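Please read the structure below before turning to the comments.
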Amino acid sequence: MAVRLSYHRPSASKALAAVGLEQLVEVLRPCFIPDEHFDPVPLPGPDDWLANFREPFQTVAAFTIKDAIHPKKGRSKIYLAPLGTFDSAHSPSLEALRSFACAYLCMEVEMLPAIDLDISPNKKCMQANSNGKSSKITIRTNQETQRIQMKTPDIFHFLQKLLPPDGAAILGITMEDLYHRDEWNFVFGEAQVEHHIGVFSFARYHPSLPNQNQDPLSDVDARILLRRSGQVLVHECIHLFGVAHCKYFHCCMNGANNLEESDLQPIHLCPIDLHKLYHIVPFDPVVRYRQLFEWYTHHGLENESSWVQSRLSRLDHENQWKPMTFPTRSSDEKVVDGKSEVNESDDGNLRISFAKKSDPGRKKAIVVSQQLPMADFLKLIKNKLGMKSIPIMLDSNGIEMEISSLNQLKRDQTLLFK
């Protein structure tokens with residue numbers, strides 16, 4: 001008999017601390033404060049995710065220090081790769097999914113040409129073909145549904161060949177059912193975080209799956225399928241950047257053990273996971289909400305549209321929100337007095353100078369001439385110093401410092417790293 005795990009819901013104060021408001025500039029904080037728009041995670045039933053899977057809580061602080069996976073320089077796009085046919089009468093719109101992911105993730109999302117799938121005469125494999133590349137994908141017939149299923153490890157092998165040079169990640173999407181290994185009945189989808197690859201099936205999100213109804217989707221069923229497909233798409237894509245399942249609030253990043261549990265979960269991100277997404281790719285939260293409101297309204301998702309409208313009302317009126325401007329990174333560098341100076345914004349708000357030190361530890365010095373939030377600083381030093389993880393920080397006397405304990409760097413502060 002399976003052991004049911006106990007879940008202890010964190011207190012409101014612990015949930016607030018997990019948001020990491022101290023890492024944000026003051027003008028942004030209202031967008032990330034938990035309020036009545038965000039409910040705590042419901043206590044799980046015996047078949048729900050939290051009762052069956054043990055996972056750690058992931059705070060924003062833990063995410064920024066050790067878990068975040070940033071896109072490499074020059075790799076900024078998310079690519080979607082349709083596997084097989086997406087018949088408009090029975091499938092979600094590919095353009096609707098692409099535009100939703102773009103608005104939700106605040107990243108450029110591009111749809112690759114559809115991958116042709118040809119079943120072999122012996123019905124043991126499919127031949128996948130795209131842009132002159134091909135690969136065999138093992139298949140089987142599911143005994144319960146009598147539907148063809150594709151084996152995910154074979155799909156991963158093929159998708160690796162298709163990831164363009166400017167791609168941060170590639171996600172295969174399909175209306176075919178999936179399985180991982182012979183003893184598994186099915187999987188909704190899988191991801192290989194280390195290779196920035198995922199594959200997800202929308203087959204079991206189809207409202208008529210239980211009775212195998214082949215009639216065209218009604219307007220209501222089409223909206224259900226689009227919402228379900230869009231939700232799993234952005235959920236799994238966010239996983240590829242190091243974001244774990246959320247155990248604090250009821251949100252898009254909750255784990256789901258079945259379709260009923262997934263349908264009850266909201267499609268929005270809670271303040272904790274919204275902050276994690278902001279850490280990966282800075283954006284104006286209000287502009288993001290407005291774009292999502294337009295998308296939900298256009299596609300008839302009334303509950304989601306109403307939630308975003310209420311959220312915008314709070315941010316627009318109570319906080320008198322003004323559009324944010326984000327600095328554009330410049331690659332222009334010049335050498336001044338033996339130091340490499342980089343102007344990080346086009347309006348002169350931030351200047352940082354880097355200088356290689358000649359000591360055996362090959363330390364590098366950074367002089368910050370403007371107050372800078374810690375989250376932005378951590379991203380900046382990793383990018384500019386070419387470091388894969390957070391470096392060791394030393395004070396001016398060479399004594400090691402705890403980088404996570406700082407909230408803001410002071411003006412004209414000099415730090416050493418190794």
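Numbers for residues simply follow the sequence, beginning at 1. The model shown is predicted, which means the values in this text are computed figures rather than measured ones. Basis for what follows: all heavy atoms, side chains included, without hydrogens, waters or symmetry-related copies.
Between R227 and D263 no salt bridge is recorded (no basic side-chain N to carboxylate O distance below 4.0 Å). A salt bridge links E95 to R98: one of the charged nitrogens lies within less than 4.0 Å of a carboxylate oxygen.
The distance from atom CG of D48 to atom CG of N258, rounded to the nearest 0.5 Å, is 6.0 Å. Here the OH-CD1 distance, from Y79 to I170, works out to 9.0 Å after rounding to the nearest 0.5 Å. Note that NE2 of H206 is 6.5 Å distant from OG of S91, once rounded to the nearest 0.5 Å. In this structure, the separation between CD1 on I155 and NE2 on H157 is 12.5 Å, given to the nearest 0.5 Å. Rounding to the nearest 0.5 Å gives a distance of 10.5 Å between CD1 of I272 and NE2 of H275. Separation of atoms CG (L240) and NE2 (H196) is listed at 8.5 Å; rounding is to 0.5 Å.
Here the closest heavy-atom approach between residue P285 and residue L28 is recorded as CD-CD2, 3.7 Å. The two residues N52 and P46 make their nearest non-hydrogen contact at ND2-O, 3.1 Å. Shortest non-hydrogen contact noted between I267 and F100 is CD1-CZ, 3.7 Å. Residue T59 comes nearest to A62 through the heavy atom pair OG1-N, 3.1 Å, listed as atom of the first residue, atom of the second, then distance. The two atoms that bring A101 and V234 nearest to each other are CA-CG1, 4.1 Å, heavy atoms only. The shortest non-hydrogen separation linking S262 to Y205 is OG-CE2, 4.5 Å.
Using cut-offs of 30° and 60° for the angle between ring planes, the F38 and F249 rings count as perpendicular. A parallel orientation is assigned to the rings of H268 and W307, their planes being inclined by less than 30° (bins at 30° and 60°). Note: W184 and H180 have tilted aromatic rings, judged against thresholds of 30 and 60 degrees for the angle between ring planes. Between H279 and F63, the two ring planes are perpendicular [angle over 60°; tilted spans 30° to 60°]. Aromatic ring orientation, F186 versus F188: perpendicular (interplanar angle above 60°, classes split at 30° and 60°).
In this structure, E302 places its CD atom where only 12 or fewer heavy-atom neighbours from other residues, nucleotides or ligands lie under 6.0 Å away. For NZ of K72, the number of neighbouring non-hydrogen atoms (other residues, nucleotides, ligands) closer than 6.0 Å is 12 at most.
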| task | Decide yes or no on side chain to side chain contact (heavy atoms under 4.5 Å, CB included) for Y104 and C252, but give the supporting numbers first. | result | CA-CA 11 Å; Y104 198 98; C252 181; 3.4 Å; yes
| field | Intermediate values then yes/no, side chain to side chain contact (heavy atoms under 4.5 Å, CB included), F158 and I197 | value | CA-CA 10 Å; F158 185 54; I197 295 173; over 6 Å; no
| Stepwise side chain to side chain contact (heavy atoms under 4.5 Å, CB included) test for L274 and R288 | CA-CA 11 Å; L274 187 66; R288 176 182 179 273; 3.5 Å; yes
| task | Run the numbers on H235 and H245 for ring-ring contact (aromatic ring centres under 6.0 Å, His included), then give the verdict. | result | CA-CA 9 Å; H235 173 106; H245 282 134; 5.3 Å; yes
| said: For L301 and W295: C-alpha separation, side-chain torsions, deciding distance, then whether side chain to side chain contact (heavy atoms under 4.5 Å, CB included) applies. | reply: CA-CA 9 Å; L301 300 185; W295 192 92; 3.7 Å; yes
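The main-chain N or O of K247 is found under 3.5 Å from a side-chain atom of Y7 such that the two form a donor-acceptor pair. Formation of a donor-acceptor pair under 3.5 Å by the Q149 side chain with backbone atoms of N185 is found in this model. K77 places no side-chain N or O within donor-acceptor distance of the main-chain N or O of P164, the cut-off being under 3.5 Å. In this structure, the side chain of D177 does not engage the main chain of I148 through any donor-acceptor pair within 3.5 Å. Not a single donor-acceptor pair under 3.5 Å links the side chain of R75 to the backbone N or O of D166. Between the side chain of R9 and the backbone N or O of V41 there is at least one donor-acceptor pair closer than 3.5 Å.
For Q309, the side chain to side chain donor-acceptor pair (under 3.5 Å) test picks out no residue, with sequence neighbours left out. In terms of the side chain to side chain contact (heavy atoms under 4.5 Å, CB included) criterion, residue partners of P42 (sequence neighbours excluded) are, by chain and number, H250. Annotation: side chain to side chain donor-acceptor pair (under 3.5 Å) contacts of E261 (sequence neighbours excluded): none.
Residues R204 and T145 meet the side-chain proximity criterion, which asks for heavy atoms closer than 4.5 Å. Residues L112 and S130 have side chains not in contact (no heavy-atom distance under 4.5 Å, counting atoms from C-beta outward). Annotation: side chain of L163 is not in contact with side chain of Q160 (no heavy-atom distance under 4.5 Å). Side-chain contact between S305 and H299 is absent, with no heavy-atom pair separated by less than 4.5 Å. Side-chain atoms of M253 and L269, non-hydrogen and from C-beta on, do get closer than 4.5 Å to each other. V281 places none of its side-chain heavy atoms less than 4.5 Å from the side chain of L105. In this structure the side chain of L159 never reaches within 4.5 angstrom of the side chain of H195, judged on heavy atoms. Two residues are said to be in side-chain contact when any heavy atoms from C-beta on lie closer than 4.5 Å; F53 and N257 meet this criterion.
Checked against T138 for a side chain to side chain donor-acceptor pair (under 3.5 Å), the options D154, D182, T152 give a single hit: D154. Paired with F202 under the rule side-chain contact (heavy atoms from CB on, under 4.5 Å), one option of V232, L226, T174 passes, and it is V232.
Using modelled atom types, one finds a donor on one side chain and an acceptor on the other under 3.5 Å when comparing E55 with W49.
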